[in-house]
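Let me begin by presenting the structure, written as structure tokens, before commenting on it.
What you see is a predicted model; the values in this text were computed from it and never measured.
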Amino acid sequence: MAISSQAGEAFARSILDAIDAATLSRAADGSVHFNVLGFSGQEVAILATTDFAEWTPIATHAFSGPSWSFLDASAGAFTQRFYKAVLVP
């Protein structure tokens, strides 16, 4: 699955159950937004890649409720970027 910006760049993503695909959007400035689902007390990290070889942690969040609104303001610097959410031990 992928979404495209008005300029036509494909923005695909890796979806685990934690990423709410229905909320995925890309703004005119290139930033990407989606909600991450979890349980109170869980900590999750968002990892990003452009090539599936090297994943970089770009954010972490400790849940106090059922969802977190994630914003990648730097996504516009990439022609494509993939995301995954992982639990932090």
Side-chain angles (χ1 to χ4, degrees):
M1 298 170 93
I3 61 170
S4 296
S5 71
Q6 291 177 350
E9 302 100 359
F11 244 79
R13 74 257 184 227
S14 169
I15 301 175
L16 300 179
D17 290 338
I19 295 177
D20 183 1
T23 63
L24 179 65
S25 64
R26 185 170 185 193
D29 66 0
S31 63
V32 170
H33 168 266
F34 53 82
N35 288 341
V36 182
L37 307 176
F39 297 98
S40 189
Q42 285 182 322
E43 186 172 357
V44 67
I46 301 296
L47 307 178
T49 187
T50 58
D51 61 9
F52 290 102
E54 294 185 37
W55 290 89
T56 303
I58 58 173
T60 59
H61 178 74
F63 283 94
S64 59
S67 68
W68 167 43
S69 180
F70 172 76
L71 175 68
D72 183 1
S74 65
F78 303 91
T79 56
Q80 64 180 9
R81 200 166 196 193
F82 304 87
Y83 301 94
K84 67 180 176 179
V86 297
L87 288 175
V88 175

Notebook entry, point to check: Within the side chain of T49, is there an N or O that forms a donor-acceptor pair under 3.5 Å with the backbone of F82?
Noted result: no
Item checked: CD1 on I19 to CZ on F34, rounded to 0.5 Å -> 4.5 Å
Next item on the list: For the residue pair H33 and T23, confirm or rule out a side-chain donor-acceptor distance under 3.5 Å.
Entry: no
Check: Looking only at heavy atoms, what is the nearest atom pair of W68 and A59, with distance?
Finding: CH2-CB, 3.9 Å
Next item on the list: Quick one: closest heavy-atom pair of V36 and F63, and the distance?
Entry: O-CE2, 3.5 Å
Next item on the list: Evaluate the criterion side-chain contact (heavy atoms from CB on, under 4.5 Å) for residue pair L87 and E43; output intermediate values, then yes/no.
Entry: CA-CA 6 Å; L87 288 175; E43 186 172 357; over 6 Å; no
Notebook entry, point to check: To the nearest 0.5 Å, how far apart are OH in Y83 and CD1 in I46?
Noted result: 9.5 Å
Next item on the list: Hey, could you give me the NE2/OG distance between H61 and S69, rounded to the nearest 0.5 Å?
Entry: 10.0 Å
Note to self: Nearest 0.5 Å, please: how far is OG in S31 from CG in D72?
What the structure shows: 8.0 Å
Item checked: ILVMFWY cluster, L47 and F52 together (side-chain gap under 4.5 Å) -> yes
Next item on the list: Locate the shortest heavy-atom distance separating G30 from A75; write the atom from each residue and the value.
Entry: O-CB, 3.4 Å
Next item on the list: Could you tell me which residues satisfy side chain to side chain contact (heavy atoms under 4.5 Å, CB included) with S67, sequence neighbours excluded, listed by chain and number?
Entry: L37
Check: Does some side-chain heavy atom of V32 sit less than 4.5 Å from a side-chain heavy atom of L24?
Finding: yes
Note to self: Ignoring hydrogens, what is the shortest heavy-atom contact between F70 and I58? Give both atom names and the distance.
What the structure shows: CZ-CD1, 3.6 Å
Next item on the list: Might you point out which heavy atoms bring A48 and R81 nearest each other, and give the distance in Å?
Entry: CB-NE, 3.4 Å
